[in-house]
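To keep things clear, I will list the structure first and then write my remarks on it.
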Amino acid sequence: MTEAHQLVSTTTFMWFITFCVGGVSALWLVYDGFNLARTRKLDRADPVVRDRRFGYTMGLIMATVGVIGALRFHGVL
C-alpha cells in the first residue's frame with residue numbers, strides 16, 4: 001500500500017504497538033509481583049500455594065521479556 005492509503009504512519013503504528021506490549025507487560029509485572037509477595041505469608045507445603053507461586057513466577061518472567069523486548073525494539077537497551 002502507498003502512504004496515502006494508510007490510516008497512520010509506520011512510526012506511529014510502531015510506537016502504538018510498543019506502548020501496548022510494553023504497557024500490558026509492565027502492568028502484568030506489577031500485578032504478578034504483588035500477588036507473589038502476598039503468597040509469602042501462606043503455607044508453602046500446600047500444593048495450591050506452590051502452584052500459585054510457580055504461576056506468578058512464570059508471569060513475572062514473561063512480563064520481563066515483554067518489557068525488555070519493547071525497550072530493545074527502540075534501542076533503549
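Everything numeric here is computed off the predicted structure, so don't read it as measured data.
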Separation between CZ (Arg53) and CG (Asp32), nearest 0.5 Å, reads 12.5 Å
Which heavy-atom pair separates Ser9 from Thr12 by the least distance, and what is that distance?
-> OG-OG1, 2.8 Å
Report, one line per pair, each donor and acceptor closer than 3.5 Å where one atom sits in a side chain of residues 59-77; sequence neighbours left out.
{"from": "Thr64", "atom 1": "OG1", "to": "Leu60", "atom 2": "O", "distance (Å)": "2.7"}
{"from": "His74", "atom 1": "NE2", "to": "Thr18", "atom 2": "OG1", "distance (Å)": "2.7"}

Among Asn35, Leu27, Leu29, which residue meets the side-chain contact (heavy atoms from CB on, under 4.5 Å) test with Tyr31?
-> Asn35
Measure across Tyr56 and Thr39 and return the closest heavy-atom pair with its distance rounded to 0.1 Å.
-> CE1-CG2, 3.8 Å
More than 12 heavy atoms of other groups within 6.0 Å of Arg52 CZ = no
Would you say the side-chain atoms of Arg50 pair up with the backbone N or O of Ala45, donor to acceptor, closer than 3.5 Å?
-> yes
Hey, quick one: are Val8 and Val21 part of the same hydrophobic cluster, counting side-chain heavy atoms closer than 4.5 Å, chains of contacts allowed?
-> yes
